[in-house]
Amino acid sequence: MRFPVNFWMKRRVSPAAWAGLGSRFRADFSRCTRIIGVLRVLALVGLVQACSTLKIVYNQAPELAYWYLDGHLDLSGAQSLRLKDELARLQAWHRQSELPIYIATLQQLQQQLPQDLGADAVCAISTDVRSKLMTLSGRAEPAAAALADTLGAAQLAHLERSFAKDNARYREEVLDATPRERRDRRYKRTVSRAQMLYGRLDDAQLAVIGQRIEQSRFDAERAHLETLRRQNDALTTLRELASDQASGQPSTDRSQTAIRGLFERTWNATDPAERSYQVQITQDNCETLAAIHNSTTPAQRSEAVQTLRRYERDFTTLLSAKK
């Protein structure tokens with residue numbers, strides 16, 4: 001689920017919790033979070049659990065989402081119980097309603113990957129997945145509104161501090177780096193993700209990635225400003241709802257409308273110039289992914305098909321499982 005201001009998986013696991021996962025699971029879990037990049041290569045950003053520990057991570061998704069939200073909001077006992085119930089219901093719906101769609105998408109991609117792909121084809125997949133994720137976001141709106149109605153001033157102050165920590169980390173790791181360091185980091189990340197799908201890349205293919213990274217119009221500073229906009233929007237919206245509660249004028253309809261608006265502004269930038277920029281970046285990404293795919297050999301494409309086939313089998317198993 002895409003929560004406002006990118007809630008999902010930006011906060012680091014605590015050392016104690018991480019150590020408790022076990023060394024093999026920690027390694028697989030790290031690979032699983034990186035698989036998001038591979039699936040973005042296919043515009044399947046919603047299938048974040050496609051990895052060797054897919055079933056474990058998918059079945060633990062409500063707990064992971066709860067842990068993350070609790071870390072940002074410092075939930076009370078009553079809030080925690082309700083949120084856990086809501087997340088469990090959301091996952092049950094997702095398993096039965098959405099996994100079949102993901103399986104069909106994976107099957108479709110297996111038919112497409114042996115051929116060259118144009119940027120338009122990649123963008124069409126991205127648009128389709130965006131629609132699926134917006135459906136999931138819409139399904140989560142009532143639960144998000146119910147939680148928002150219970151948040152107090154101290155919890156919103158806690159959220160603001162959490163945002164500040166996230167921002168400080170991003171500044172240290174990205175914004176304070178030199179332009180060359182930023183490009184090198186994006187290059188290494190893109191290579192790693194591509195190789196997870198296609199296998200080892202040769203020098204010519206690596207050069208394709210390097211050229212595309214150099215030509216990219218992505219601006220880390222601008223992306224950060226949009227993140228700040230979303231954070232401020234979330235805090236303003238939640239504080240307005242908290243004020244309604246404090247004044248004795250709560251309204252379920254108003255809360256759901258406010259959360260729906262917040263989600264909409266998260267999906268679509270409010271500034272026309274920013275929306276235009278995001279369209280440009282999306283086009284850049286589609287062209288990059290098409291260029292990488294079209295540089296691959298038949299053997300590499302076969303490897304990618306086999307990878308997706310394994311993901312399809314895992315999702316089929318999850319669909320038939322009770323938990």
At what distance, to the nearest 0.5 angstrom, does CG of Asp184 lie from CD1 of Ile213? 10.0 Å
State, to 0.1 Å, how close Gln107 and Glu312 come at their nearest heavy-atom pair, and which atoms those are. NE2-OE2, 2.8 Å
Let me check something: do Tyr311 and Val305 share a hydrophobic cluster, defined by ILVMFWY side-chain heavy atoms less than 4.5 Å apart, either directly or through other members? yes
Thinking salt bridges, do Arg89 and Glu86 make one under a 4.0 Å N-O criterion? yes
Sidechain-backbone polar pair: Thr150 side chain, Leu147 backbone, donor-acceptor under 3.5 Å: yes
Distance col, row Leu83:CG vs Leu73:CG, nearest 0.5 angstrom, shows 9.0 Å
Determine whether more than 12 heavy atoms belonging to other residues, nucleotides or ligands lie under 6.0 Å from atom CG of Asp176. yes
Main-chain N/O of Thr317 paired with Ser320 side-chain donor or acceptor, under 3.5 Å: yes
What closest approach, in Å, do Ala290 and Leu117 show between heavy atoms, and which atom pair accounts for it? CB-O, 3.3 Å
Salt bridge (Lys or Arg N to Asp or Glu O under 4.0 Å) with Arg183: which residues, sequence neighbours excluded? Glu214
Nearest heavy atoms of Ile292 and Ala194, plus distance in Å: CG2-CB, 4.2 Å
Can you find a heavy atom in the side chain of Leu228 that is under 4.5 Å from one in the side chain of Phe163? no
Under a 4.5 Å side-chain heavy-atom rule over Ile, Leu, Val, Met, Phe, Trp and Tyr, are Leu159 and Tyr66 clustered together? yes
Look up atom CD1 in Ile259 and atom OG1 in Thr266, then write down how far apart they are to the nearest 0.5 Å. 9.5 Å
Mark yes when over 12 heavy atoms from residues, nucleotides or ligands other than Glu221 sit less than 6.0 Å from its CD; otherwise mark no. yes
Is the backbone of Glu173 close enough, under 3.5 Å, to the side chain of Arg185 for a donor and an acceptor to pair up by distance? yes
Hey, could you give me each pair passing salt bridge (charged side-chain N to carboxylate O under 4.0 Å, His left out) that has a residue in residues 263-276? Not counting sequence neighbours. Arg222-Glu274, Asp233-Arg265
Atom pair CG/CG of Leu156 and Leu238 - distance to nearest 0.5 Å: 5.5 Å
For Asp116, salt bridge (Lys or Arg N to Asp or Glu O under 4.0 Å) partners two or more places apart: Arg301
Hydrophobic clustering (ILVMFWY, side-chain heavy atoms < 4.5 Å, transitive) - are Leu87 and Leu81 grouped together? no
Note, Thr288 side chain near Gln215 side chain (heavy atom, < 4.5 Å): no
Kindly write out the residues that satisfy side-chain contact (heavy atoms from CB on, under 4.5 Å) with Arg310, not counting sequence neighbours, or none if the list is empty. Glu303, Gln306, Thr307, Arg313
Please list, chain by chain and in numerical order, all residues satisfying salt bridge (Lys or Arg N to Asp or Glu O under 4.0 Å) with Arg309, sequence neighbours excluded. none
Interatomic distance, Glu160 atom CD to Arg239 atom CZ [nearest 0.5 angstrom]: 4.5 Å
May I ask you to say whether Arg230 pairs ionically with Glu226, meaning some side-chain N is under 4.0 Å from a carboxylate O? yes
Regarding Thr190 and Arg212, do their side chains bring together a donor and an acceptor under 3.5 Å, going by distance alone? no
Between Phe315 and Tyr58, what is the ring plane arrangement, given parallel below 30°, perpendicular above 60°, and tilted in between? perpendicular
Between Asp166 and Gln231: side-chain donor-acceptor atoms closer than 3.5 Å: no
In Å and rounded to the nearest 0.5 Å, what is the CG to OG1 distance from Asn232 to Thr227? 11.0 Å
So which pairs with a foot in residues 96-105 pass salt bridge (charged side-chain N to carboxylate O under 4.0 Å, His left out), sequence neighbours left out? none
Closest non-hydrogen atom pair, Cys123 against Thr282: SG-O, 4.2 Å
Would you tell me whether Gln283 and Glu287 have side-chain atoms, one donor and one acceptor, within less than 3.5 Å of each other? yes
If you count every heavy atom of other residues, nucleotides or ligands that lies below 6.0 Å from Arg217 atom CZ, does the total exceed 12? yes
Are Trp267 and Leu225 linked, directly or through intermediate hydrophobic residues, by side-chain heavy-atom contacts shorter than 4.5 Å (ILVMFWY only)? no
Correct closest heavy-atom pair for Cys286 and Ala119 would be CB-O, 3.6 Å
State, to 0.1 Å, how close Ala258 and Leu241 come at their nearest heavy-atom pair, and which atoms those are. CB-CD2, 4.0 Å
